[in-house]
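Here's the structure we're looking at; comments come further down.
Basis for what follows: all heavy atoms, side chains included, without hydrogens, waters or symmetry-related copies.
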Amino acid sequence: MVKRNKGRIESGFPHPVRGRATGRDEGKLIKASIGNLEGDSMGKMLHLGVLITPNGAHNGAWRLPSSKPENGFKLNHYVDIAQTAERGKLDFLFLADGYGMLPQKSEATAGRSPMLAFLEPFTLLSSLAGVTKHIGLAGSGTTTYFPPYMLARFVASLDHLSGGRAGWNLITSANHAEAWNFGYEQHPDKDDRYKKASEFADVVLGLWDSWKDDAFKFDKEKGQFFAPDGFKYLNHVGEHFKVKGPLTMPRTPQGRPVVAQAGSSEDGRHLAARTAEVVFTAQQNFEGAKAFYTDMRERLAKAGRKDEEMAILPGIVPVVGRTMEEAQAKATALRDSYPAELGIELLNGEFGIDLSVYPLDQPLPDDLPSSPLATSRRDLMIGFAKREGLTLGQLASATASLGHWMVVGTPEMIADLMEKCLNEGAADGFIVMPAAMPTSLNDFVELVVPELQRRGIFRTEYEGTTLRDNLGLKVPARTI
């Protein structure tokens, strides 16, 4: 029986909201008491993806002295990140994406956000497939603006090139500026986006199942490349799409790529319960993560699926120090790198309205206008602001980690939190979102991973050769 470290970990948003950080009193950060954890972990093992951003998941990280923001457009930067993550035996790399830039309304913030310039995911992941052997490669692709045939082909190609390590994160696009880049004057409302996304997923899954596993013969003597009856036409005709098929490549090495979904709204949860094998969610504390986990498990059962068919992974932004003082110093440096004005711009996008008309020194008004562009993150941030008694300015300063669960502590403290979530039904693992790249990822791999392995809740070697192998997901049966 291994005795765990007893202590407290500071978690929540990264910025103190009143004054400067002093000792353990880091403003209004949520404090989650983990307590004394003893015994084994009931055989459960964490799954850990890592969100790859050019400079880090913290909006101000690019301004740190150690950062080299120009490397965000250089392949070697991402090769180092991918190989570090693989050295840590993490399950997969995860690349988010966006397809449009909102107008720069404020002179004070114009040109100051690093989150508006980044590489296309599947091009980058295909490059990383050649310099890694085991780690999964998952990228976001929008159902609102991509044709499903094109998306299915992109991801299936990556699965073949990587030997079965590809994943697709299904997104519906919340940024209304994206419409202007695809020939539309207006972004569809949320209901329409999710209806389209559901049909899109059906088309993609059907295309991935176009061919029988043994369809391609490659028989040189008989001159038969594939069996004439080795495929089926999809012949999909729906409300939004008309796609005949088949996909122009064999069924992929892992049967079909892994499907992830990142929406936490009612519509997003419903879609995830029906289609997703990995769910990425933004939560800010244990209670929120546990409530989401319980809800998704119930929805999964109602959809006729089993628990083992889905891994639920909240995002977590770990700020790790060998001592608490070192961790706090890193958190303070991050906080000081991010002006509150940028937070208002970010909140505007999440809330779907212009918040600059409200006083910064007052709480959010109760009668905020609704918006069809608003995301589930809006409700999350409103709840956090009310729970912690924040003004609008304080909430704006607390957006740098994109609304995700930021934890500040030693490796033992962060491992305590992860173990608690695993054992008490709040997570199957996490999407690790390193605050600053590559330093925060190095900290996690070098300091936290060994502690998780010591506790027997994270692998020391990869279980197999495909992403499905390492996530414990079965190869799905063909659907057509």
| field | Sequence neighbours excluded, every pair satisfying ring-ring contact (aromatic ring centres under 6.0 Å, His included) that has a member inside residues 63-90 | value | none

| task | Sequence neighbours left out, what passes side-chain hydrogen bond (donor to acceptor under 3.5 Å, both in side chains) with H160? Give chain and number order. | result | none

Donor-acceptor contacts, no H, no angles, side chain residues 127-134, under 3.5 Å, sequence neighbours left out:
| from | atom 1 | to | atom 2 | distance (Å) |
| --- | --- | --- | --- | --- |
| S127 | OG | T123 | O | 3.3 |
| T132 | OG1 | L128 | O | 2.8 |
| T132 | OG1 | R165 | NH1 | 2.8 |

| Pair listing, side chain to side chain donor-acceptor pair (under 3.5 Å) test, anchored in residues 246-256, at least two apart | R153-T248, D159-T252, D159-Q254, D209-R251, D213-R251

| said: List the residues meeting side-chain hydrogen bond (donor to acceptor under 3.5 Å, both in side chains) with Q453, not counting sequence neighbours, and say none if there are none. | reply: none

| said: Which residues pass the side-chain hydrogen bond (donor to acceptor under 3.5 Å, both in side chains) test with S140, not counting sequence neighbours? | reply: N169

| field | Residue list, side-chain hydrogen bond (donor to acceptor under 3.5 Å, both in side chains) with D295, at least two apart or on another chain | value | R269, R299

| request: Just jot down the ring-ring contact (aromatic ring centres under 6.0 Å, His included) partners of F430, sequence neighbours excluded, or say none. | output: none

| task | Just jot down the side chain to side chain contact (heavy atoms under 4.5 Å, CB included) partners of N442, sequence neighbours excluded, or say none. | result | T84, P438, E446

| What are the two closest heavy atoms between M433 and G315, and how far apart are they? | SD-CA, 3.9 Å

| field | Residue list, side chain to side chain contact (heavy atoms under 4.5 Å, CB included) with K244, at least two apart or on another chain | value | Y233, N235

| query | Taking only residues at least two apart or on different chains, which pairs with a member in residues 463-477 satisfy salt bridge (Lys or Arg N to Asp or Glu O under 4.0 Å)? | reply | E277-R468, R459-E463

| task | Scan residues 194-213 for pairs that pass ring-ring contact (aromatic ring centres under 6.0 Å, His included), counting only residues two or more places apart or in two chains. | result | W168-F200, F200-F241, W211-F216, W211-F226, W211-F231

| said: Is it true that K89 and T460 share a donor-acceptor pair across their side chains at a distance under 3.5 Å? | reply: no

